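Here's the structure, in structure tokens; my notes come after.
Owing to the predicted nature of the structure, the values given are computational and were not obtained by experimental measurement. Both backbone and side-chain heavy atoms feed into the values below; hydrogens, waters and symmetry mates do not.
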Protein chains: 2
Amino acid sequence: MQFRIGEAAKRAGCKVETVRYYEQMGLLPQPSRSEGNYRLYSEEHLAQLRFIRHCRSLDMPLEDIRNLLTLRERPREHCAEINALVDEHIDRVNSQMALLEQLRESLLTLRSQCAGPGYTDSCEIVRELSTCECHDS
Amino acid sequence: MQFRIGEAAKRAGCKVETVRYYEQMGLLPQPSRSEGNYRLYSEEHLAQLRFIRHCRSLDMPLEDIRNLLTLRERPREHCAEINALVDEHIDRVNSQMALLEQLRESLLTLRSQCAGPGYTDSCEIVRELSTCECHDS
DNA sequence: ACAATCCCTCTAGTAACTATAGAGTCAAGG
DNA sequence: CCTTGACTCTATAGTTACTAGAGGGATTGT
């Protein structure tokens, strides 16, 4: 079975442009072409595309996926590396979550400054946003 | 007191390039210039820069900040809009967190597939990433 | 024969910066 | 007076993972 790009994209749950983009980035091998120069994908191509999409649904960066694609050829030898890669990604997600949690706190505090229609002359939210007690660097 | 861009950036806790970028995006008014064509910032400029940075530290998009900068000129009249803007942002942060939480679950499940040195011939993580039970669209 | 739908390549746009190149300005030291 | 170093200027390109568009060819159905 061979698929044209539209069919491949649909089966992988992404857009046509995305498939071409992965090819351009070297994540998908160049498929054969039809007479009319259309890309023709095999089942293996499709499997690899799905692999990529699955990784992306876990928000892994393409660079990590590129590495995984290489490592998975000899999974036994590279088990440790594969785990490390996943662990690093989990760490990234964890710290992103911690950051977002802080953000949420700050925003809720900010929002509580103005609970109803203001009774002062200036907006407490604007006032709070104007004060600066923090230095990033 | 007038500051050159380096001093302004330091006081606002950001990079020099970032300050110029805000000016280019129309978030900071163009400052006066010295004889040698250096930007010269007043206290008001600095306050506005800090306002922007504070909003950014809450991860608000520049477009929202642009709106806030306008709204804050008449806070009393625009109190409701200001609140709505903050509320929307809180919603965004909330749904981002929900997404990340799901992600974390999936990643931990994935990771648990390979707890120690594998005893099978193929990596369970790679196997799981290859299976596809989901369609995004 | 013709229209609709698919596909092709190439280029530019997104958000919010960051980094670089190549040049000018300014204060202090020798 | 000259030079060195730190600072600044403009303009341009790079980052991530796509998305959107132009301008054209291929295929399919009526």
Assess the side chains of B:Y22 and B:R53: does a donor N or O sit below 3.5 Å from an acceptor N or O?
yes

If you compare every side-chain N and O of B:R33 against the phosphate oxygens of C:dG24 (OP1, OP2), does one of them come in below 4.0 Å?
no

Any donor-acceptor N or O pair under 3.5 Å, side chains A:H45, A:Q48
no

Would you mind reporting whether B:V19 and B:Y41 have side-chain heavy atoms less than 4.5 Å apart?
yes

Send over the distance from A:I5 CD1 to C:dC8 P, rounded to a whole Å.
5 Å

With sequence neighbours left out, which residue pairs that include part of residues 33-46 of chain A fulfil the salt bridge (charged side-chain N to carboxylate O under 4.0 Å, His left out) condition?
A:E23-A:R39

When you group the ILVMFWY residues by side-chain heavy-atom contacts below 4.5 Å and let the links chain together, are A:Y38 and A:V16 in the same group?
no

Gap between atoms CG and P, on B:D64 and C:dA15 respectively (whole Å):
12 Å

Determine: side-chain N/O of B:S34 to OP1/OP2 of C:dT25, distance under 4.0 Å, yes or no.
no

Looking only at C:dA16, D:dT8, C:dC8, the nucleotide nearest the B:Y21 side chain is C:dA16

Working for side chain to side chain contact (heavy atoms under 4.5 Å, CB included), residues A:R56 and A:C14
CA-CA 11 Å; A:R56 283 297 298 141; A:C14 68; over 6 Å; no

Given D:dC7, C:dC6, D:dT19, identify the nucleotide with an atom nearest to the side chain of B:R4.
D:dC7

Nearest heavy-atom neighbours spanning B:L100 and A:L100:
CD1-CD1, 3.7 Å

Ranking D:dC18, D:dC9, C:dA16 by distance to the side chain of A:L62, first place goes to D:dC18

DNA chain D contacts among residues 92-106 of chain A, heavy-atom distance under 4.0 Å
none

Positions of residues 35-44 of chain A (non-hydrogen atom under 4.0 Å from DNA chain D), listed by number:
A:G36, A:Y38

Atom of A:S57, atom of B:L103 and distance for their closest heavy-atom approach:
O-CD1, 3.4 Å

Rounded to whole Å, how long is the line connecting atom CD of B:E17 with atom P of D:dT15?
17 Å

Need the bend value for the helix from C:dA1-D:dT30 to C:dG30-D:dC1: angle between end axes, 5 pairs each end, nearest 10°.
30°

Whole-Å distance, A:M25 CE to D:dT19 P, equals 14 Å

Can you sort out the partners of B:E63 under salt bridge (Lys or Arg N to Asp or Glu O under 4.0 Å), two or more places apart, ordered by chain and number?
B:R66

Tell me which nucleotide among D:dA20, D:dC18, D:dT8 gets nearest to the side chain of A:K15.
D:dA20

Nearest-Å distance for atom pair CZ/C1', residues B:R56 and C:dT18:
14 Å

Compile the donor-acceptor pairs under 3.5 Å between side chains in residues 85-97 of chain A and protein atoms, sequence neighbours left out, one pair per line.
residue : atom : partner : partner atom : Å
A:D87   : OD1  : B:R111  : NE           : 2.6
A:D87   : OD2  : B:R111  : NE           : 3.3
A:D87   : OD2  : B:R111  : NH2          : 3.1
A:H89   : ND1  : A:R92   : NH2          : 3.0
A:H89   : NE2  : A:L58   : O            : 2.7
A:R92   : NH2  : A:D64   : OD2          : 2.9
A:N94   : OD1  : B:R104  : NH1          : 2.9
A:S95   : OG   : A:D91   : O            : 3.1
A:S95   : OG   : A:R92   : O            : 3.1

Donor-acceptor contact present, side-chain A:S106 to main-chain A:Q102, <3.5 Å
yes

Nearest-Å distance for atom pair CD/C1', residues A:Q24 and D:dT19:
13 Å

On the nucleotide C:dA16, are OP1 or OP2 found under 4.0 Å from the side-chain N or O atoms that B:Y22 carries?
no

Using side-chain heavy atoms (C-beta onward) and a distance below 4.5 Å, is B:M60 in contact with B:L68?
yes

Specify the separation, in whole Å, of atom CE of B:M60 and atom C1' of C:dA16.
16 Å

Report which part of the nucleic acid A:R20 touches: base, sugar-phosphate, or nothing (heavy-atom distance under 4.0 Å, all strands).
base

Tell me the interatomic distance from A:I52, atom CD1, to D:dT16, atom P, rounded to whole angstroms.
17 Å

